[in-house]
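Predicted model, so just to flag it, every value in this text is computed and none were measured. Just so it is clear: chains get the letters A, B, ... in the order the sequence lines come, proteins before strands, and each one is counted from 1.
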Amino acid sequence: NPRESIAYSQYPRPADSPQWNSDKPSLKDIKIMGYSIRTIDYRYTVWVSFNPEEFLANFSDVHAGELYFVDSDPLQDHNVYNDSLGGGRPSAWMLP
Amino acid sequence: TDPLNVLFIVVDDLRPTLGCYGDKLVRSPNIDQLASHSLLFQNAFAQQAVCAPSRVSFLTGRRPDTTRLYDFNSYWRVHAGNFSTIPQYFKEKGYVTMSVGKVFHPGISSNHSDDAPYSWSIPPYHPSSEKYENIKTCRGPDGELHANLLCPVDVRDVPEGTLPDKQSTEQAIQLLEKMKTAARPFFLAVGYHKPHIPFRYPKEFQKLYPLENITLAPNPWVPAGLPPVAYNPWMDLRQREDVAALNISVPYGPIPVDFQRKIRQSYFASVSYVDTQVGRLLSALDDLQLAGRTIVAFTSDHGWSLGEHGEWAKYSNFDVTTRVPLMFYVPGTTALLPQGGEKFFPYIDPFDSTSELMQTGRQAKGLVELVSLFPTLAGLAGLPVPPRCPVPSFHVELCREGQNLQKHFQFDDSKEASSFRG
């Protein structure tokens, strides 16, 4: 059932704002990791703190979030993360 | 009963701007023809939208958090674990495994050896003309040579009079000719460099995309609610001479709209150029009577943003950078076996406007991941599917973190088979 399928992606960042090495940060400079979970209905991403020495993401420290609903916003232009989750911690079932 | 060969085609930075994915503008008749005999996954996603991490992830069947490669600077066998790769697994099962062009990302992430000898039976091939890719070979309006982003070339003019992907196709065809009479099955991986930047392609392909027909992205601005951390500032484009000359503000630009359209024009032209290379390769498979006993898997390492969200290139989590084309031709499963010299993949010239619209093949809508390539290719080839990985799995050499997609290949043949003959 296509509705049950899920795809995960991730992307590293060196800082909260765009800078010269935001596209391709070296491991030692990675401070944030964006984890995305995709279903047929929505795209949900949390940008969380990341420790490059321990290779550990801290899902309690959410820097930012994105939530797009595929049917109403296929081009992913209207981030409703803050509206719909009140900016709180991601629900456990959404974590990879 | 003979084991099926595998031809694995991976195209660098190719987003699903293809006819078989519904794109009305791009001419990709040869890839569309492959799709008409394949199972096409409409929603396939890379695990990270940048070359080396994505390639190491899908070639080892592990996610980036297991390969621990988020940049370009480590080799998983040293840095994370001695994980087996898809070609290595096929090699251990008796296949002759061969690499042409860009399959692993070159450099540290593949041990400066494309992970040979573990993954490959013979030394991997890299086209000699690749070394000119990023030097001044683009003739600008001033008649001088530049290292530009937009680089349509007269192939007779460029060093060695050829381009990397042309050389790769020639090499791959030679290997197919050798393997036709070989006693052992083969796993041939062909990695095309375009449409990765610079957009250096035979200039005639620009004629397929007159600038007046090229629109901007449907949403060419940075969305108001986009968190700054999510935005990628496309620094690699800015370093190209023609882009640098525009003095675009950092980080948000924008790129002047006429240049945006030129970038899109050259991306599409590069896609049609790669389509001709794929077409030559597949028609050779046909001519060598190998199409009836060779699985063809076609994909890319990640997508590419063509101005959506005011972004360019990859380096983000958006769908336009993570969604990839993914299709499998499996003789006797996604298509009936070619009968008596029947051709499945005759070469189609993208300049031939009379080439009829291709019928679509089988399609799957569910979301799937590139990390599923390993178990799926193993299963389709009749090899044992590697076991699921424990968590963590750094100590396990052979296991998989992706799903086996074979369940998508069970078709109701009675109804479908008759349509195939039609």
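No side-chain donor-acceptor contact under 3.5 Å links H63(A) to the backbone of P227(B). A side-chain donor-acceptor contact under 3.5 Å links S5(A) to the backbone of L367(B). D16(A) places no side-chain N or O within 3.5 Å of a backbone atom of V229(B) that could act as its donor or acceptor partner. Of the possible donor and acceptor atoms, none in the side chain of H78(A) sits under 3.5 Å from a partner among the backbone N and O of P223(B).
F394(B) meets the ring pair (Phe, Tyr, Trp, His ring centres under 6.0 Å) test with no other residue; sequence neighbours excluded. Every residue meeting the ring pair (Phe, Tyr, Trp, His ring centres under 6.0 Å) condition with F374(B), not counting sequence neighbours, appears here in chain and number order: Y89(B).
Nearest heavy atoms, H309(B) versus Q76(A): NE2-O, 3.1 Å. Nearest heavy-atom pair across N317(B) and G34(A) is ND2-O, 3.1 Å. In terms of heavy-atom proximity, P12(A) sits nearest to Q48(B) at CD-NE2, 3.4 Å.
Contacts of R63(B) with chain A are made by side-chain atoms alone, with heavy-atom separations under 4.5 Å and no backbone atom involved. With a 4.5 angstrom heavy-atom cutoff, P251(B) touches chain A only via side-chain atoms. Heavy atoms of I30(A) lying under 4.5 Å from chain B belong exclusively to its side chain. For a residue to count as touching a neighbouring chain, one of its non-hydrogen atoms must lie under 4.5 Å from one of that chain's; by this rule E66(A) touches chain B with the side chain only. Using a 4.5 Å cut-off between heavy atoms, A46(B) contacts chain A through its backbone alone, with no side-chain atom that close. At a 4.5 Å heavy-atom cutoff, the contact between W47(A) and chain B is made by side-chain atoms alone. Heavy atoms of A57(A) lying under 4.5 Å from chain B are absent altogether. With a threshold of 4.5 angstrom between heavy atoms, P25(A) approaches chain B through N, CA, C or O but not through any side-chain atom.
The side-chain heavy atoms of P218(B) and L75(A), taken from C-beta on, include a pair separated by under 4.5 Å. By the 4.5 Å heavy-atom criterion applied to side chains, Y11(A) and F318(B) are not counted as neighbours.
Interatomic distance, Y231(B) OH to S17(A) OG, rounded to the nearest 0.5 Å: 12.5 Å. Separation of atoms OG (S9(A)) and NE2 (H302(B)) is listed at 12.0 Å; rounding is to 0.5 Å. Interatomic distance, OG1 of T322(B) versus CZ of R43(A), reported as 7.5 Å (0.5 Å rounding).
With respect to chain B, the highest number of heavy-atom pairs below 4.5 Å among P52(A), P74(A), P18(A) belongs to P18(A). In terms of non-hydrogen atom pairs under 4.5 Å with chain A, the most contact-rich of A44(B), A224(B), S316(B), S54(B) is S316(B). Contact count against chain B (heavy-atom pairs under 4.5 Å) is highest for L27(A) among I32(A), L27(A), T45(A), D29(A). Ranking V222(B), D71(B), L226(B), V371(B) against chain A, the residue ahead of the rest is D71(B), based on heavy-atom pairs under 4.5 Å. Taking chain B as the reference chain and counting heavy-atom pairs below 4.5 Å, the highest number among D77(A), N79(A), N21(A) is found for D77(A). The residue among A230(B), P53(B), G402(B) with the most heavy atom pairs within less than 4.5 Å of chain A is A230(B).
By the 6.0 Å and 45° rule, K24(A) does not stack over the aromatic ring of Y315(B).
Checked against the 6.0 Å centroid threshold, H79(B) and F55(A) count as a close aromatic pair.
Counted by atom type alone, Y35(A) and D65(B) present one or more donor-acceptor pairs between their side chains at under 3.5 Å.
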F45(B) and Y8(A): CA distance, side-chain angles, deciding distance, ring pair (Phe, Tyr, Trp, His ring centres under 6.0 Å) verdict: CA-CA 8 Å; F45(B) 292 90; Y8(A) 295 107; over 10 Å; no
From CA spacing to verdict: side chain to side chain contact (heavy atoms under 4.5 Å, CB included), Q47(B), Q10(A): CA-CA 6 Å; Q47(B) 272 49 73; Q10(A) 63 191 88; 5.8 Å; no
Test side chain to side chain contact (heavy atoms under 4.5 Å, CB included) applied to N232(B) and R13(A), step by step: CA-CA 9 Å; N232(B) 77 278; R13(A) 290 282 190 246; 3.6 Å; yes
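Contact check on D319(B) versus R38(A) returns a salt bridge, with a Lys/Arg side-chain nitrogen under 4.0 Å from an Asp/Glu carboxylate oxygen.
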